[in-house]
Amino acid sequence: MMCSMIKTQKIIGVSILCLWGSACQPTQNDTTEQQPKAIHKTSKPSLKQQFEVWREKQNPALLQAYHQYVAKHLQHPPSEFELMTNQHFMLAECEWTRFYVPPRKYWNNIIPSLQRIEQLQVDGFFQHYQVTSSFRNPDMNTCVRGASKSKHLYNYAVDFQVLDAYLTTNQQKEKLQRRLCQFWKKEGKRYKMGLGIYQENRFHIDLQGYRTWGSDYSQKSSPCLTL
């Protein structure tokens with residue numbers, strides 16, 4: 001009888017502790033089993049990986065012909081990736097327009113701008129750069145709400161980024177901008193040069209009219225008018 005009473009008291013005591021939350025906790029093994037499984041997210045392919053996928057679906061002879069046409073006019077021509085990829089940020093719905101080969105009638109249009117950038121490199125304005133955007137097809141221009149008369153539509157314009165390792169401070173970046181602005185002020189009219197200056201050492205050059213603009217695409221934001 002005494003044993004039955006003790007057992008009953010133990011059962012009641014454990015039940016009360018369970019209600020209070022201080023007992024009946026799962027063991028370590030139980031906790032491990034109840035943890036949710038980790039969700040493995042697949043990373044988005046890089047632009048170069050996306051380009052390779054796009055490239056595999058294109059006419060290789062056409063891609064090679066365009067690249068060779070540009071290469072014969074330059075000492076150090078851009079890669080196929082640089083010539084045919086718009087590397088700028090764009091909304092997801094516009095991504096399908098990112099890669100493109102310009103029509104043959106526009107191939108020659110890009111040569112003067114690329115030669116001007118290459119000459120700036122030779123003259124010591126910068127050492128390393130990459131082309132980030134050139135031709136912009138009409139679908140892309142509409143999707144990204146580009147200017148209706150953008151020089152990119154006809155393959156006249158080149159956006160590029162200077163990659164020199166020393167450009168780590170605002171002072172150094174402003175010095176580069178100042179040098180390019182000085183060139184534009186001195187030689188821009190002769191070359192009919194358009195110079196856009198953006199953030200992160202990114203620039204725009206075309207030879208379709210003497211003008212300048214800054215990060216908001218307006219003349220008033222160009223450092224060339226304040227430096």
Side-chain angles (χ1 to χ4, degrees), residues 47-48 50-52 54-88 90 94 96-163 180 183-184 186-198 202-213 217 224:
L47 283 184
K48 287 190 175 181
Q50 293 178 50
F51 171 76
E52 290 302 325
W54 172 83
R55 190 177 186 278
E56 289 297 320
K57 300 176 182 178
Q58 309 307 308
N59 178 352
L62 178 63
L63 273 62
Q64 185 179 32
Y66 179 49
H67 186 248
Q68 289 179 344
Y69 182 87
V70 172
K72 71 181 181 180
H73 294 90
L74 299 165
Q75 293 296 318
H76 304 286
S79 64
E80 287 187 1
F81 170 76
E82 291 175 85
L83 283 174
M84 304 171 201
T85 303
N86 187 314
Q87 299 184 52
H88 297 326
M90 60 180 64
C94 301
W96 65 278
T97 68
R98 188 182 286 280
F99 310 104
Y100 213 87
V101 180
R104 285 181 182 268
K105 62 182 179 180
Y106 297 151
W107 285 11
N108 193 61
N109 293 353
I110 197 175
I111 303 303
S113 295
L114 287 173
Q115 289 176 332
R116 174 47 39 206
I117 296 169
E118 188 172 75
Q119 189 60 49
L120 288 170
Q121 180 190 39
V122 171
D123 292 340
F125 284 80
F126 44 79
Q127 294 181 343
H128 307 286
Y129 72 93
Q130 70 167 346
V131 173
T132 56
S133 177
S134 50
F135 179 69
R136 183 184 297 166
N137 65 72
D139 288 330
M140 177 190 296
N141 199 57
T142 299
C143 195
V144 301
R145 300 180 181 179
S148 60
K149 296 182 180 180
S150 170
K151 305 307 178 185
H152 287 284
L153 283 167
Y154 306 99
N155 210 30
Y156 285 117
V158 177
D159 292 346
F160 65 102
Q161 183 176 25
V162 176
L163 303 175
L180 289 172
F183 177 85
W184 174 81
K186 182 179 179 181
E187 304 288 353
K189 288 183 179 180
R190 179 160 71 97
Y191 290 115
K192 298 180 180 179
M193 177 177 161
L195 175 63
I197 299 180
Y198 311 128
R202 295 177 181 268
F203 304 92
H204 166 117
I205 281 182
D206 68 65
L207 304 182
Q208 295 299 301
Y210 179 61
R211 64 211 192 283
T212 185
W213 60 94
Y217 305 101
C224 294

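Computed over heavy atoms, backbone and side chain alike; hydrogens, waters and symmetry mates excluded. One-based numbering along the sequence shown.
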Atom pair CD1/CD1 of Ile110 and Ile117 - distance to nearest 0.5 Å: 8.0 Å
Would you check if the side chain of Asn86 reaches a backbone N or O of Arg136 as a donor-acceptor pair within less than 3.5 Å? no
Answer yes or no: is there a side-chain heavy-atom contact under 4.5 Å between Ile205 and Leu195? yes
Trp107 (side chain) donor-acceptor with His67 (main chain) under 3.5 angstrom: no
Are a donor atom and an acceptor atom from the side chains of Asn108 and Tyr69 found within less than 3.5 Å of each other? yes
Are Phe126 and Phe160 close enough that their ring centres sit under 6.0 Å apart? yes
Would you check if Trp184 and Tyr210 make a side-chain contact, meaning some heavy-atom pair closer than 4.5 Å? yes
Where the side chain of Asn155 meets the backbone of Tyr106, is there a donor-acceptor pair that is under 3.5 Å apart? yes
Any donor-acceptor N/O pair, Glu82 side chain to Ser79 backbone, under 3.5 Å: yes
Working to the nearest 0.5 angstrom, can you tell me the gap between His73 NE2 and Gln115 CD? 7.0 Å
Using atom types as modelled and distance alone, determine if a side-chain donor or acceptor of Gln87 lies under 3.5 Å from a backbone N or O of Val131. yes
Quick check: does any side chain N or O of Glu118 sit under 3.5 Å from a backbone N or O of His76, one acting as donor and the other as acceptor? yes
Using modelled atom types and a 3.5 Å cut-off, is there a donor and acceptor pairing between side-chain atoms of Arg98 and backbone atoms of His88? yes
Are the side chain of His152 and the backbone of Ser134 linked by a donor-acceptor contact shorter than 3.5 Å? yes
Between the side chain of Asn141 and the main-chain N/O of Ala147, is any donor-acceptor distance below 3.5 Å? yes
Just wondering, are more than 12 heavy atoms of other shown residues or ligands nearer than 6.0 Å to OH in Tyr154? no
